[in-house]
Trainee: 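Starting off with a structure, shown below.
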2 protein chains.
Amino acid sequence: MTNRDATGIAPRDEPAFGRDDRVALSAAAAVELAVRVAGASGLGRSSRAERGSWLVAIADAVESHRDELVALAGEETHLSAARLGGEVTRTATQLRFFAGVIDEGSYLEATIDSPDASLLPPRPELRRMLRPLGVVGVFAASNFPFAFSVLGNDTASAFAAGCPVVVKAHPGHPRLSRRITEIAHEALAAAGGPAGALQLVEGMEAGLALVQHPRVTAVGFTGSTRGGRALFDLAAARPEPIPFYGELGSLNPVVVTPAAVSDAGPGAEAIAAGLAGSFTRDGGQYCTKPGLVFVPEGSGIEDALVAALGDAAPQRLLTDGIAAAFDRGSVELAERADVELVFAGARAADVAAPVVVSTSTEAFVAARETFLEECFGPLTLLVRYADDAGLAEALAALEGSLTASIHHAPGEDVTALAAVLEPVAGRLVFNGWPTGVAIAWGQHHGGGWPATTASVHTSVGASAIRRWLTPVAWQDAPAAVLPAELADGNPLGVPRREDGVLRHP
Amino acid sequence: MTNRDATGIAPRDEPAFGRDDRVALSAAAAVELAVRVAGASGLGRSSRAERGSWLVAIADAVESHRDELVALAGEETHLSAARLGGEVTRTATQLRFFAGVIDEGSYLEATIDSPDASLLPPRPELRRMLRPLGVVGVFAASNFPFAFSVLGNDTASAFAAGCPVVVKAHPGHPRLSRRITEIAHEALAAAGGPAGALQLVEGMEAGLALVQHPRVTAVGFTGSTRGGRALFDLAAARPEPIPFYGELGSLNPVVVTPAAVSDAGPGAEAIAAGLAGSFTRDGGQYCTKPGLVFVPEGSGIEDALVAALGDAAPQRLLTDGIAAAFDRGSVELAERADVELVFAGARAADVAAPVVVSTSTEAFVAARETFLEECFGPLTLLVRYADDAGLAEALAALEGSLTASIHHAPGEDVTALAAVLEPVAGRLVFNGWPTGVAIAWGQHHGGGWPATTASVHTSVGASAIRRWLTPVAWQDAPAAVLPAELADGNPLGVPRREDGVLRHP
């Protein structure tokens, strides 16, 4: 493995990768070089308009290489071309979305207070806004080779904030990671941007060095609970701890009310069809896969699900490791004495077929720790509840999750149920499925442990940018020192709070 | 020690404290009880208007007990009545300030996106806002027995957010802590508020149990680097880690430019007078004390400082431990071969006198780790610099700080200097002193390690409330489920972003 090219400082007239005569750098040296080059890129001193144009240039470049990238990603991830093509669009949309967020300018939280000597303590003139933290590390995910990888949400939001990014590539798609880095570098260079502000390193050792590098100021991570926890612990144990924004495992509980499967509701068949589509989508390899579904006893959902899954296509999983873990996890669950196997698709070499298992609320509560472990892949666990009390007891056993969904009848009062689930999940979905995370100002993709390591923040949506920013207050500063966004007269027209009143042009 | 009364559930007709026949609870049991009672207080379900009225009621009650509280605090902290009276006002102002922040409503980040099926991925209806995290722990500081203690900024901002608070009292003022808790409980009860939402526990063991309690969702802390780091490590090592917002040590570097001490600037005497007042104020026991001052060689500031300090009053420090540490630290510094003693006030039993030491930039850089250790109390270190290069080298050795100050001549270009200090400090002060932290929307009281454990947040100013909140997104939710702030038509008139556009009534 060589990372030298990925630093963005290799001579441009040489082919970027695959030369055997290159000197391979040690992981520590590769990280050192990457962090230094990123830190020297000057991205933090660029204007919002510049960064916006660079984000758009990268988005355009990614889309203009769509076919090549989809083919490469298909080879490495086994995801379908349709899915990957959609993900390329999503990734470009995300990059442009963050260009829009910084153009709008609210994210700066620009604030000006005029002096008032009559207060206690006296108030000097204060002008405050957010500034980029510095170089950040981003750990790419396996399951979104575009949208949560080298140029994914973490990178897009950090770059938009003005933070140079060192990406630790996911080993599941190394060639794609290198190629898309190269495309981004070319796009940045062509747009007059600092190519050095995006760096790629590879391998576990490099990842460990990245989290511990003194000049790295924050880390974003999307991946497993075990890996994320280990890196979180490293970040917290540093001599100077840094924020670690990890999105880890999530069960995404779904509650189906009795009314939902009655004549008044959408009915068992519709719900089963939706569930089948959601938990098997792209091999169930989503952090938002509904992995735990609370169904009324005798709801008919089990039979309807078996029918709906009859023709579910098997899917080769992202990596052999994921496939092995899925096999092991699903068999262990299905063989438990307190679990019934509802459906198991025909297994074949190399592909994973959907699995549905079920249990009772009593068994779920009794073996809580086992049932709360995420089984990544096309498996869902139905938990049959007899009554409200049984359901309440089971819901009280839940941990933090990215989402929680309620399927109910139109007009049914689900306020109490929603109030129970609100502290559990970052996003509450009603009569819908959690897979498919829209890119929007109002999106939240977060939740309590173990869904994330930092529940007050989000990794998707406009406020994902907040993770990479820290406030600065200027007290009685000469005008020349101030960022343009805090200048008198608001020449850049950003939304500002002036003497407590929110104003925007 | 008994904590029983501090839980707020002791019978009201009994005297609250000091009864020897009470059964003392173990620290763990006291914390368990406090967290349970706080969690059951229902504060998170109250409206913003209710919480605002309760904050104001507490503020009024504190001010109406001003004389009693100041007397009690004086006995326990040795701070002057004038200072303590000012701090009572400050504390009440902070409580009312956060009532204003939640009334204004921007802090909720209310956001609504309408559905758009044409997007990829399709966008459902999304409504997002922030909700309280749950029970939080607050560690009171020694040096602000009101403003950063039981009813200080952390408590005020958390309560405003809707988070019940369990305060770990500072052992430096236990009677004051109990009495002010009692006053707050009475005020809450009289205003129809949940007295259980404020709890007090005491002792180190209770503090450790508080940080580790499964139902505690976040912790605020103001105190020493050593203590803060130990608690941060505990919070990070929990099975489910929680945010730990610690404000620890800070040197608050000051740079005096050559022009500042020239005829064009304020001059050495004015700067020395300001510095003398700032670093000795209330015994130099401020997190914002200027402890490190870079002065041009031959600036005349040393002599002017000696003159200015001639009549500085000695001050009994907050606790015997702080006094002993100050004695030890100041003597160790003054006795170093690379340090000159500039001024040492007359020492006397029980009181600390100001100490000024000086060194060169070379020595500062060479013994960086020693010189970067905060010496809490009335001591400041002058670092003499010969030229810009020497200054730059010394500034590059700095760690994170709450503030950094520049003294300059009017019209002097200090943009380069400010750019160097901006990544170091949360607040940049120009021709002023860092002590005296105004309460304002535009305030920032934070900074990189070791100034804080969480540099993206602040402990003073409106956005201190953000630490206790986490987003929730409601997807296609029935109207009955939504908080009023997200209802159609915006009946509560909060600032909202609707389809990307910020609107406020």
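Values below: all heavy atoms of this structure, side chains included; hydrogens, waters and symmetry mates excluded. Below, read A as the first sequence line, B as the second, and so on, with proteins coming before strands; counting in each chain starts at 1. Only a predicted model underlies this, so the values are computations on that prediction, with no experimental measurement involved.
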Trainee: In residues 472-482 of chain B, what donor-acceptor pairs under 3.5 Å come from side-chain atoms, sequence neighbours left out?
Mentor:
unit_1: B:Q475; atom_1: OE1; unit_2: A:R427; atom_2: NH1; d: 2.4
unit_1: B:D476; atom_1: OD1; unit_2: B:E125; atom_2: N; d: 3.0

Trainee: Can you tell which part of B:R496 gets under 4.5 Å to a heavy atom of chain A, answering side chain, backbone, both or neither?
Mentor: neither
Trainee: What are the residues of residues 407-415 of chain B, in order of number, with any heavy atom under 4.5 angstrom from a heavy atom of chain A?
Mentor: B:H408, B:V414, B:T415
Trainee: With a 4.5 angstrom heavy-atom cut-off, is it the side chain or the backbone of B:V437 that approaches chain A, or both, or neither?
Mentor: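 B:V437 touches chain A through backbone heavy atoms alone.
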Trainee: For each of B:R45, B:R229, B:R90, B:Q443, tally heavy-atom pairs with chain A at distances under 4.5 Å, and name the one with the top tally.
Mentor: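 So the answer, after comparing B:R45, B:R229, B:R90, B:Q443, is B:R229.
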Trainee: Which atoms of B:P434 come close to chain A, meaning under 4.5 Å heavy atom to heavy atom: side chain ones, backbone ones, both, or neither?
Mentor: neither
Trainee: Heavy-atom cut-off 4.5 Å, strictly under: side chain, backbone, both or neither for B:F244 against chain A?
Mentor: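 Neither; nothing under 4.5 Å.
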Trainee: Against chain A, label B:R123 side chain, backbone, both or neither, depending on which of its atoms sit under 4.5 Å from a heavy atom there.
Mentor: both
Trainee: Identify the residues of residues 126-133 of chain A whose heavy atoms come closer than 4.5 Å to a heavy atom of chain B, ordered by number, or report 'none'.
Mentor: A:L126, A:R128, A:R131, A:L133
Trainee: Taking 4.5 Å as the heavy-atom cut-off, does anything in residues 463-471 of chain A contact chain B, and if so which residues?
Mentor: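 So far as heavy atoms go, A:S463, A:R466, A:R467, A:L469, A:T470, A:P471 are the residues that approach chain B to under 4.5 Å.
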Trainee: Where on B:A416 is there a heavy atom nearer than 4.5 Å to chain A: the side chain, the backbone, both, or neither?
Mentor: neither
Trainee: In terms of the angle between their ring planes, are B:H457 and A:H457 parallel, tilted or perpendicular, with boundaries placed at 30° and 60°?
Mentor: tilted
